[in-house]
Amino acid sequence: MNVIVEQKQITASQVNELSSLMKAEIVEYNRLYRIAVKQNNYMRKQDIDRLDNNATEWAKYLPIAEYAKNCRETLMKRLFKCDDTQIKKIKIKDFEDLAGSLPDSFHELWNNWLESITKLERQNSLNGVLAK
């Protein structure tokens, strides 16, 4: 990633703050994933009543997930002095370059975070195909 970084180092405190935000985002994405799986089942059964309730539940929790994502992105933009387009290109290597060594727990958290995003995107894509 070619982001110009004015700050020379990410502190342990900032890594901890980011970790907390990522954990919150994972919780919300996992919740949305469970709702998306239920949606898929209800669509297969053509259970309109449950689909309506599921849509209400999705609408309730989606803003919470978006807020969690926005909080994490805001911190990452501040740490990397980057914009919305550059933030999607940030890799764990970029954190290592600024923070030095990162705890193994952060690597594991990063992978869990990426997995939660991928899982939700995949399920939403499957639901979209089924809806057609």
Side-chain angles (χ1 to χ4, degrees):
M1 186 182 90
N2 294 326
V3 175
I4 297 172
V5 180
E6 294 172 14
Q7 183 176 339
K8 298 292 185 203
Q9 190 174 11
I10 294 175
T11 66
S13 161
Q14 290 167 322
V15 170
N16 289 338
E17 182 181 1
L18 179 62
S19 295
S20 295
L21 294 173
M22 289 172 67
K23 287 174 186 175
E25 194 173 0
I26 290 169
V27 166
E28 297 309 324
Y29 286 163
N30 286 341
R31 182 191 337 246
L32 290 178
Y33 172 76
R34 290 189 299 274
I35 294 169
V37 167
K38 288 192 297 186
Q39 177 186 4
N40 186 284
N41 291 332
Y42 299 151
M43 284 192 297
R44 288 178 190 278
K45 295 176 184 176
Q46 297 181 355
D47 188 337
I48 303 303
D49 291 335
R50 287 190 175 162
L51 271 171
D52 286 343
N53 289 337
N54 204 62
T56 301
E57 191 175 8
W58 182 270
K60 176 181 177 182
Y61 292 110
L62 182 59
I64 298 169
E66 289 174 342
Y67 178 76
K69 176 185 176 185
N70 289 337
C71 289
R72 182 210 23 100
E73 286 183 345
T74 299
L75 176 59
M76 288 176 73
K77 284 188 257 186
R78 192 174 79 233
L79 292 175
F80 285 92
K81 308 287 190 226
C82 66
D83 61 26
D84 289 336
T85 57
Q86 293 170 316
I87 198 165
K88 293 174 179 23
K89 298 175 185 175
I90 294 174
K91 306 289 183 215
I92 196 163
K93 175 77 170 98
D94 299 313
F95 280 100
E96 290 172 336
D97 290 347
L98 293 181
S101 64
L102 292 167
D104 289 340
S105 60
F106 187 83
H107 287 271
E108 185 177 327
L109 177 62
W110 185 270
N111 291 333
N112 289 341
W113 171 72
L114 290 174
E115 182 182 322
S116 70
I117 294 168
T118 302
K119 234 173 43 172
L120 180 58
E121 287 175 344
R122 186 178 307 125
Q123 188 62 51
N124 282 336
S125 177
L126 289 172
N127 289 357
V129 169
L130 184 58
K132 288 180 183 177

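- Counting only heavy atoms from C-beta outward, the side chains of Glu28 and Tyr67 never approach each other to under 4.5 Å.
- The side chain to side chain donor-acceptor pair (under 3.5 Å) check on Trp113 picks up Glu25, with sequence neighbours excluded.
- Using a 4.5 Å cut-off between side-chain heavy atoms of Ile, Leu, Val, Met, Phe, Trp and Tyr, with links allowed through other members, Val27 and Leu32 fall into different hydrophobic clusters.
- Using a 4.5 Å heavy-atom cutoff, the side chains of Leu21 and Glu73 are not in contact.
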#### Entry: Stepwise side-chain contact (heavy atoms from CB on, under 4.5 Å) check, Leu51 with Gln39
CA-CA 6 Å; Leu51 271 171; Gln39 177 186 4; 3.9 Å; yes

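- Within 6.0 Å of the CZ atom in Arg50, the count of heavy atoms belonging to other residues, nucleotides or ligands does not exceed 12.
- Distance alone, capped at 3.5 Å, places no donor-acceptor pair between the Ser125 side chain and the Glu121 backbone.
- In the hydrophobic clustering of ILVMFWY residues, with side-chain heavy atoms under 4.5 Å counting as a link, Tyr42 and Tyr33 come out apart.
- Contact check on Glu57 versus Lys60 returns no salt bridge, with no Lys/Arg side-chain nitrogen under 4.0 Å from an Asp/Glu carboxylate oxygen.
- By the rule that hydrophobic residues join a cluster once side-chain heavy atoms approach within less than 4.5 Å of another member, Leu18 and Ile92 end up as members of one cluster.
- Without hydrogens or angle criteria, Asn40 side chain to Gln123 main chain gives no donor-acceptor distance under 3.5 Å.
- No path of Ile, Leu, Val, Met, Phe, Trp and Tyr side chains, each step under 4.5 Å between heavy atoms, connects Trp58 with Leu130, placing them in separate hydrophobic clusters.
- Residues meeting the side chain to side chain donor-acceptor pair (under 3.5 Å) test with Asn54, sequence neighbours left out: none.
- Between Ile26 and Leu109, some side-chain heavy-atom pair lies under the 4.5 Å cut-off.
- Cluster annotation: Leu62 is not connected to Met43 through the hydrophobic network of ILVMFWY side chains, with a link wherever side-chain heavy atoms come within less than 4.5 Å.
- Between the CZ atom in Arg122 and the NZ atom in Lys119 there is a gap of 9.5 Å [rounded to 0.5 Å].
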### Task
Report the C-alpha separation of Arg34 and Asn30 in whole Å, then their side-chain angles, then the decisive distance to 0.1 Å, and conclude whether the side chain to side chain donor-acceptor pair (under 3.5 Å) test is met.
CA-CA 6 Å; Arg34 290 189 299 274; Asn30 286 341; 5.9 Å; no

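- Here the closest non-hydrogen pair linking Ile90 and Cys82 is CD1-SG, 3.9 Å.
- Rounding to the nearest 0.5 angstrom, the gap separating the CG atom in Asn111 from the CZ atom in Phe106 is 10.0 Å.
- Between Asn53 atom CG and Ile35 atom CD1 the span is 11.5 Å, to the nearest 0.5 Å.
- Ring-centre distance between Phe80 and Phe95: below the 6.0 Å cut-off.
- At a threshold of 4.5 Å between non-hydrogen side-chain atoms, the residues Asp83 and Lys77 do not count as touching.
- Within a 6.0 Å radius of NZ in Lys69, other residues, nucleotides and ligands contribute 12 heavy atoms or fewer.
- To the nearest 0.5 Å, atom SG of residue Cys71 and atom CD of residue Glu17 are 9.5 Å apart.
- The shortest non-hydrogen separation linking Gln9 to Gln14 is O-OE1, 4.0 Å.
- A distance of 10.5 Å separates NZ of Lys88 from CE of Met76, quoted to the nearest 0.5 Å.
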### Message
One pair to check against side-chain contact (heavy atoms from CB on, under 4.5 Å): Asp94 and Lys91. What are the steps and the verdict?
### Response
CA-CA 5 Å; Asp94 299 313; Lys91 306 289 183 215; 3.8 Å; yes

